[in-house]
Amino acid sequence: MSYKTDIEIAREAKKRPIQEIGAKLGIGSDDLLPYGHDKAKVSQDFINSVQDRPNGKLILVTAINPTPAGEGKTTTTVGLGDGLNRIGKKAAICIREASLGPNFGMKGGAAGGGYAQVVPMEDMNLHFTGDFHAITSAHNLLSAMIDNHIYWGNELEIDIRRVAWRRVVDMNDRALRQITASLGGVSNGFPREAGFDITVASEVMAILCLATSLEDLQRRLGDMIVAYRRDKSPVYCRDIKADGAMTVLLKDAMQPNLVQTLENNPAFVHGGPFANIAHGCNSVIATTTALKIADYVVTEAGFGADLGAEKFMNIKCRKAGLAPDAVVVVATVRAMKMNGGVAKADLGAENVDAVKKGCPNLGRHIANVKSFGVPVIVAINHFVTDTDAEVEAVKAYVKEQGSEAILCQHWAKGSEGTEELAKRVAEVADAGMANFAPLYPDDMPLFQKIDTIAKRIYHADEVIADKKIRDQLKEWEAQGYGNLPICMAKTQYSFSTDPNWRGAPTGHTVPIREVRLSAGAGFVVVICGEIMTMPGLPRVPSAESIRLNDEGLIEGLF
């Protein structure tokens with residue numbers, strides 16, 4: 001049986017004018033800044049006007065560790081939001097924007113799938129409202145001003161060997177990871193080593209997604225450390241006097257984007273920080289605004305719960321004063337079989353034993369999320385190859401973990417396929433069962449915070465870090481940064497730092513390769529293993545299949 005592609009389904013959507021979508025949340029036409037007919041930014045004046053309202057219920061959607069079998073976290077987020085609206089609740093969705101790099105590389109798109117999508121799908125996966133371009137421009141303005149400062153006499157005495165600020169581009173381009181800049185003689189400046197990251201790895205992106213206002217945005221931008229002097233004292237963005245102009249470039253990008261699902265329900269799509277090198281959540285301003293105007297807000301965090309949910313709890317909720325009322329962990333029968341040792345090519349055949357063998361990965365995520373004091377419901381994202389026996393095996397296992405699993409068919413049926421999940425999530429959120437608390441206090445020493453995450457979330461035996469790294473952490477504590485949360489950068493495919501170690505490994509170590517201070521964003525990045533801040537394209541990138549057809553319509557996004 002053949003199925004329509006995501007882009008075919010999206011193209012058939014009966015979209016409503018964005019003013020009608022805003023009206024569902026009480027946003028007037030004058031408070032929407034339209035980008036065409038089907039997307040708009042929400043004005044800062046409106047956001048300011050609703051701050052005295054009580055918050056709705058916050059529901060986080062997370063998942064098991066990603067596998068090539070697919071989990072469908074964004075699809076489930078959209079499906080749950082539609083399901084809540086279907087049962088009569090006033091619900092909104094909050095997700096991240098898509099990066100051009102992965103879209104043309106591996107993913108081909110990131111707006112949900114099947115009949116649980118956000119539209120306009122093509123716009124969202126391409127230039128959208130220009131937020132990422134604004135972030136790229138602001139970031140690279142600072143890069144240009146640093147080199148310009150050095151060229152005109154270097155009054156701040158920057159050690160050009162210690163310029164920490166790299167450039168960014170929103171594309172996967174491994175050739176730019178390490179470059180030599182300012183070649184060509186005296187008129188081009190002082191040659192030095194430099195490099196590019198992908199835009200979503202920029203600290204500017206992380207800051208935009210954590211800032212609560214334009215004033216907060218400029219303060220955080222000014223706090224960014226861009227270089228060091230020979231005595232290793234830091235040089236800040238405000239020393240370069242770039243923070244004001246950067247804020248101007250980001251003025252419109254700070255305003256959340258409103259779009260709609262296939263079922264014409266409101267969705268905020270705003271921001272897109274890397275889930276490794278940053279915190280992997282949509283913007284605080286979008287989430288907090290949605291909570292003021294919707295009774296239920298469904299949001300997601302990047303990668304599996306060991307990275308995304310942990311950072312959502314320990315970074316985003318801590319910084320924004322948020323507390324989730326319920327958490328949905330997405331799993332698939334296919335992914336359970338893959339964790340149980342089945343090859344991707346063999347996932348279509350029934351294998352209940354492999355499902356049972358792979359379930360401990362799910363079990364650990366359930367226990368980890370519960371350790372934050374929030375109730376957990378498992379959503380089994382249904383695939384047509386799943387058998388009743390396999391689904392029942394997952395349900396039985398989850399019940400043993402003191403939770404419950406609900407089969408969801410939103411990919412094929414839209415909100416009809418998430419009615420049961422929506423009813424249960426609303427019941428749990430309304431019951432006030434959550435007693436949220438972050439994993440560690442602000443005043444815990446930095447290395448102890450790292451150790452706590454490694455042992456309690458990853459179930460590692462120890463953290464390995466040489467003296468240089470430990471001394472750097474102590475130095476930051478002495479400079480007043482000891483109260484910052486930790487942002488772990490490790491592989492998303494395993495609880496360990498080995499991407500091939502599936503399941504629920506124990507007895508492993510977490511080696512720290514490097515630590516970075518994101519002083520503006522307000523966290524310490526801990527890099528474990530080989531984490532790339534500039535991805536490369538695969539042998540056959542998605543871009544090879546993306547084109548305009550004879551009718552002028554886009555093909556190949558999925």
Side-chain angles (χ1 to χ4, degrees), residues 35 39 41 74 95-111 118 120-144 165-179 181 194-211 217 221 224 242 245-257 259 269-283 286 302-303 489 518 520-521 525 531-538 541-546 554 556-558:
Y35 281 67
K39 52 191 177 293
K41 284 189 168 291
T74 303
I95 61 175
R96 291 181 294 169
E97 299 178 48
S99 166
L100 290 178
N103 284 350
F104 290 112
M106 291 283 288
K107 294 174 71 173
V118 177
M121 184 260 216
E122 297 101 323
D123 291 359
M124 281 180 52
N125 285 319
L126 297 173
H127 304 290
F128 200 25
T129 59
D131 292 345
F132 281 23
H133 298 312
I135 291 164
T136 302
S137 297
H139 182 113
N140 290 334
L141 169 65
L142 176 55
S143 299
W165 195 252
R166 292 158 59 88
R167 286 166 165 81
V168 297
V169 62
D170 190 25
M171 197 57 62
N172 292 5
D173 191 350
R174 63 173 60 82
L176 294 177
R177 286 174 186 157
Q178 203 68 25
I179 66 169
F196 278 77
D197 294 328
I198 193 168
T199 296
V200 290
S202 168
E203 187 176 354
V204 177
M205 173 71 81
I207 286 172
L208 181 121
C209 290
L210 288 169
L217 175 71
L221 292 172
M224 295 187 303
M246 292 173 73
T247 303
V248 169
L249 282 173
L250 296 168
K251 176 177 66 69
D252 292 339
M254 262 292 285
Q255 298 174 112
N257 306 300
V259 285
V269 181
H270 194 220
F274 238 24
N276 270 331
I277 207 75
H279 60 294
C281 306
N282 76 295
S283 73
F303 294 146
S518 293
V525 180
I531 295 299
M532 292 291 183
T533 53
M534 169 53 83
L537 292 171
S542 297
E544 291 187 10
S545 302
I546 297 173
I554 297 170
L557 286 174
F558 55 87

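- For the pair I207 and M224, the minimum side-chain heavy-atom distance is below 4.5 Å.
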Show, in sequence, the C-alpha distance, side-chain angles and deciding distance for V269 and I95, and conclude whether the side-chain contact (heavy atoms from CB on, under 4.5 Å) test is met. CA-CA 5 Å; V269 181; I95 61 175; 3.7 Å; yes
Run the side-chain contact (heavy atoms from CB on, under 4.5 Å) test on Y35 and N257 for me, step by step, so that the C-alpha distance in whole Å, both residues' side-chain angles and the decisive distance to 0.1 Å come before the verdict. CA-CA 9 Å; Y35 281 67; N257 306 300; 5.8 Å; no
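- One distance of note links CE of M205 with NE2 of H139; it measures 11.5 Å at 0.5 Å rounding.
- Residues P535 and F274 have side chains in contact (heavy-atom distance under 4.5 Å, counting atoms from C-beta outward).
- Nearest approach of P273 to C209, heavy atoms of both residues: CD-SG, 3.4 Å.
- To the nearest 0.5 angstrom, L100 atom CG is 8.0 Å from F132 atom CZ.
- Side-chain atoms of L221 and L250, non-hydrogen and from C-beta on, do get closer than 4.5 Å to each other.
- The structure places CD1 of I546 at 5.0 Å from CZ of F104, a figure rounded to the nearest 0.5 Å.
- Residues forming a salt bridge (Lys or Arg N to Asp or Glu O under 4.0 Å) with D197 (at least two apart in sequence, or on another chain): R166.
- Residues R167 and I179 are not in side-chain contact: their nearest non-hydrogen atoms beyond the backbone lie 4.5 Å or more apart.
- Aromatic ring orientation, H133 versus H127: tilted (interplanar angle from 30° to 60°).
- Closest heavy-atom contact between E203 and S518: OE2-C, 3.2 Å.
- Here the side chains of N172 and P102 are in contact, with some heavy-atom distance below 4.5 Å.
- Without hydrogens or angle criteria, R174 side chain to L537 main chain gives a donor-acceptor distance under 3.5 Å.
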Going through the checks in order, is the side-chain contact (heavy atoms from CB on, under 4.5 Å) test met by L141 and M246? CA-CA 7 Å; L141 169 65; M246 292 173 73; 4.3 Å; yes
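- You'll find the side chain of H270 reaches within 4.5 Å of the side chain of L208, heavy atoms only.
- Nearest approach of A242 to L142, heavy atoms of both residues: CB-CD1, 3.7 Å.
- Taking CE of M254 as the start and CG of D131 as the end, the distance is 11.0 Å to the nearest 0.5 Å.
- Distance check: S202 OG to F196 CZ gives 12.5 Å after rounding to the nearest 0.5 Å.
- Taking a cutoff of 4.0 Å between a charged side-chain nitrogen and a carboxylate oxygen, K41 and D252 do not qualify as a salt bridge.
- Residue M124 forms a side-chain contact (heavy atoms from CB on, under 4.5 Å) with just one option from V259, L557, T129, and that option is V259.
- A donor-acceptor contact shorter than 3.5 Å links the side chain of N140 to the backbone of V168.
- Annotation: side chain of V200 is not in contact with side chain of E97 (no heavy-atom distance under 4.5 Å).
- Considering all non-hydrogen atoms of both residues, A98 and N103 come closest at CB-ND2, 3.7 Å.
- Atoms CD1 and CG, on I198 and D170 in that order, are 5.5 Å from each other to the nearest 0.5 Å.
- Taking the side chain as every heavy atom from C-beta outward, I554 and N125 never approach each other to under 4.5 Å.
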